[in-house]
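Reviewing the structure listed below.
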Protein chains: 2
Amino acid sequence: MENMVRLPDDETLAKLSEFYKVFGDYTRVKLLCQLRQGEMCVQDIADSIGMTQSAVSHQLRILKGMALVAGRRDGKTVFYSLADDHIAGILDMGLEHINE
Amino acid sequence: MENMVRLPDDETLAKLSEFYKVFGDYTRVKLLCQLRQGEMCVQDIADSIGMTQSAVSHQLRILKGMALVAGRRDGKTVFYSLADDHIAGILDMGLEHINE
DNA sequence: TGAACATATGAACAGTTATTCATATGTTCG
DNA sequence: CGAACATATGAATAACTGTTCATATGTTCA
């Protein structure tokens with residue numbers, strides 16, 4: 001009874017790695033940290049992290065697909081924010097680790 | 001005062017993304033989950049997750065470099081294990097997320 | 001409706017990365 | 001020492017991924 005955790009099945013492992021892969025990119029993690037400070041529209045995100053609108057939009061699509069961010073349309077502009085508090089928690093665990 | 005968290009600097013963001021990148025690969029996350037159940041030598045890991053000794057060794061090098069696993073030599077064989085409990089915690093957060 | 005604006009998307013290219021194969025290093029034991 | 005075994009490593013290749021450029025979609029307002 002010293003360890004009850006079984007090796008997850010292949011599908012779960014695949015999903016898990018896909019999930020972490022999203023955090024494993026400089027641009028996306030910067031984007032997530034930026035959104036952590038509050039919702040922002042695409043162009044403002046692009047300006048604040050120094051990327052083109054297109055690149056940001058492509059990445060937001062990935063983040064949205066993985067349910068890490070949510071979009072809210074208001075007229076012409078779409079405001080993005082972190083999907084839930086969980087995400088901020090995961091960013092924190094990572095930051096903790098790299099600070100020893 | 002509604003949000004005290006500042007955007008981490010570029011170097012921190014780079015480290016953070018590199019850290020998560022390690023979890024963002026099917027093979028490595030499988031390897032980490034396997035090691036979670038206890039220390040194992042390279043060949044046994046390779047057999048249990050269906051990879052060549054060489055591929056596993058290459059990946060272990062990456063994991064070791066990021067301080068996610070630690071190696072302990074005992075004669076000819078080297079036993080690897082998770083570097084600390086932190087790692088298991090990060091795996092758990094990911095598993096929680098993908099299970100909604 | 002049409003012009004102006006914000007965002008999304010498709011294709012292509014460049015850079016990155018995981019695996020394989022061959023081989024080197026390190027360890028034990030006769 | 002030398003054979004046998006376990007692990008590590010270098011080079012090459014195939015597959016993947018992020019950005020760019022061009023353009024499409026969607027929205028507002030005159």
Side-chain angles (χ1 to χ4, degrees), chain A residues 10 13-35 38-83, chain B residues 10 13-35 38-83:
Chain A
D10 285 359
L13 288 170
K15 280 186 192 171
L16 189 59
S17 59
E18 288 304 311
F19 173 68
Y20 283 119
K21 192 173 292 180
V22 177
F23 291 86
D25 174 76
Y26 177 79
T27 297
R28 281 193 296 266
V29 88
K30 189 168 186 180
L31 212 157
L32 288 170
C33 287
Q34 184 69 61
L35 286 183
E39 68 173 12
M40 276 180 106
C41 71
V42 179
Q43 189 58 59
D44 283 356
I45 295 172
D47 292 342
S48 81
I49 69 181
M51 289 183 59
T52 66
Q53 176 270 322
S54 179
V56 169
S57 188
H58 276 296
Q59 296 297 6
L60 282 170
R61 196 163 115 88
I62 293 173
L63 293 169
K64 197 174 174 185
M66 199 54 76
L68 299 192
V69 305
R72 169 181 77 80
R73 178 147 225 149
D74 181 15
K76 285 179 289 191
T77 74
V78 178
F79 292 93
Y80 282 90
S81 55
L82 296 189
Chain B
D10 286 359
L13 288 170
K15 280 186 191 169
L16 189 59
S17 60
E18 287 306 310
F19 173 68
Y20 281 119
K21 194 173 290 181
V22 177
F23 292 85
D25 175 77
Y26 177 80
T27 297
R28 281 193 296 266
V29 87
K30 189 169 186 178
L31 213 157
L32 288 170
C33 287
Q34 184 69 60
L35 287 183
E39 67 173 15
M40 276 181 106
C41 72
V42 179
Q43 189 58 57
D44 283 356
I45 296 172
D47 292 341
S48 81
I49 69 180
M51 290 182 58
T52 66
Q53 176 271 322
S54 180
V56 170
S57 188
H58 276 296
Q59 296 297 4
L60 283 169
R61 197 163 114 87
I62 293 173
L63 293 169
K64 197 174 175 185
M66 198 55 74
L68 298 192
V69 305
R72 170 180 77 81
R73 177 146 226 149
D74 180 15
K76 284 179 288 190
T77 73
V78 178
F79 292 94
Y80 283 91
S81 56
L82 295 190

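No hydrogens, no waters, no symmetry mates; every other heavy atom, side chains included, goes into these values. A note on names: the letters A, B, ... follow the listed sequences, proteins ahead of strands, and every chain is numbered from 1.
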To the nearest Å, give me how far apart [atom1] ([X]) and [atom2] ([N]) are.
| X | N | atom1 | atom2 | answer |
| --- | --- | --- | --- | --- |
| B/L63 | D/dA8 | CG | C1' | 15 Å |
| B/I62 | C/dT16 | CD1 | C1' | 12 Å |
| A/D25 | D/dT17 | CG | P | 11 Å |
| B/M66 | C/dT17 | CE | C1' | 14 Å |
| A/F23 | D/dT17 | CZ | P | 17 Å |
| A/L60 | C/dA6 | CG | C1' | 13 Å |

| Side-chain N,O (A/R28) to OP1/OP2 (D/dT17) below 4.0 Å |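 For D/dT17, OP1/OP2 do not have a side-chain N/O of A/R28 under 4.0 Å.
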| task | State whether B/R61 places a side-chain N or O below 4.0 Å from either non-bridging phosphate oxygen (OP1 or OP2) of D/dT7. | result |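 Negative; the distance criterion is not met.
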| task | Can you sort out which residues in residues 71-81 of chain A have a heavy atom within less than 4.0 Å of DNA chain C? Ascending by number, please. | result |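 Within residues 71-81 of chain A, the residues near DNA chain C are A/K76, A/T77, A/V78, A/Y80.
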Nearest 0.5 Å please: distance from the [atom1] atom of [X] over to the [atom2] atom of [Y].
| X | Y | atom1 | atom2 | answer |
| --- | --- | --- | --- | --- |
| B/M40 | B/L60 | CE | CG | 11.0 Å |
| A/R72 | A/C41 | CZ | SG | 10.5 Å |
| A/L63 | A/D25 | CG | CG | 9.0 Å |
| A/T77 | A/D44 | OG1 | CG | 9.0 Å |

| request: Enumerate the residues from residues 42-56 of chain A whose closest heavy atom to DNA chain D is under 4.0 Å, giving them by residue number; use none for an empty result. | output: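 The stretch gives A/M51, A/T52, A/S54, A/A55 as the residues lying under 4.0 Å from the strand, ordered by number.
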| Which residues pass the side chain to side chain contact (heavy atoms under 4.5 Å, CB included) test with A/K15, sequence neighbours left out? |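 A/K15: side chain to side chain contact (heavy atoms under 4.5 Å, CB included) contacts with A/E11, B/I98.
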| Taking the inter-plane angle between the rings of B/Y20 and B/F23 on a 0 to 90° scale, is it parallel (under 30°), tilted (30 to 60°) or perpendicular (over 60°)? |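 Rings of B/Y20 and B/F23: tilted, 30 to 60°.
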Extract all donor-acceptor atom pairs below 3.5 Å that involve side chains of residues 49-57 of chain A and protein atoms in other chains or at least two apart in sequence.
| from | atom 1 | to | atom 2 | distance (Å) |
| --- | --- | --- | --- | --- |
| A/T52 | OG1 | A/A55 | N | 3.1 |

| Which residues share a side chain to side chain donor-acceptor pair (under 3.5 Å) with B/S48, sequence neighbours left out |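 Partners of B/S48 under the side chain to side chain donor-acceptor pair (under 3.5 Å) test: B/Q34.
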| task | State which residues pass salt bridge (Lys or Arg N to Asp or Glu O under 4.0 Å) with B/D10; sequence neighbours excluded, sorted by chain then number. | result |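 Listed in chain order: A/K30.
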| Ring of A/H58 versus six-membered ring of D/dT19: centres under 5.5 Å and planes under 30°? |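 It does not: the two rings, one from A/H58 and one from D/dT19, miss the stacking criterion.
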| query | Which part of the nucleic acid, if any, lies within reach of B/K64 when heavy atoms closer than 4.0 Å are counted: base, sugar-phosphate only, or nothing? | reply |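 Contact class for B/K64: none.
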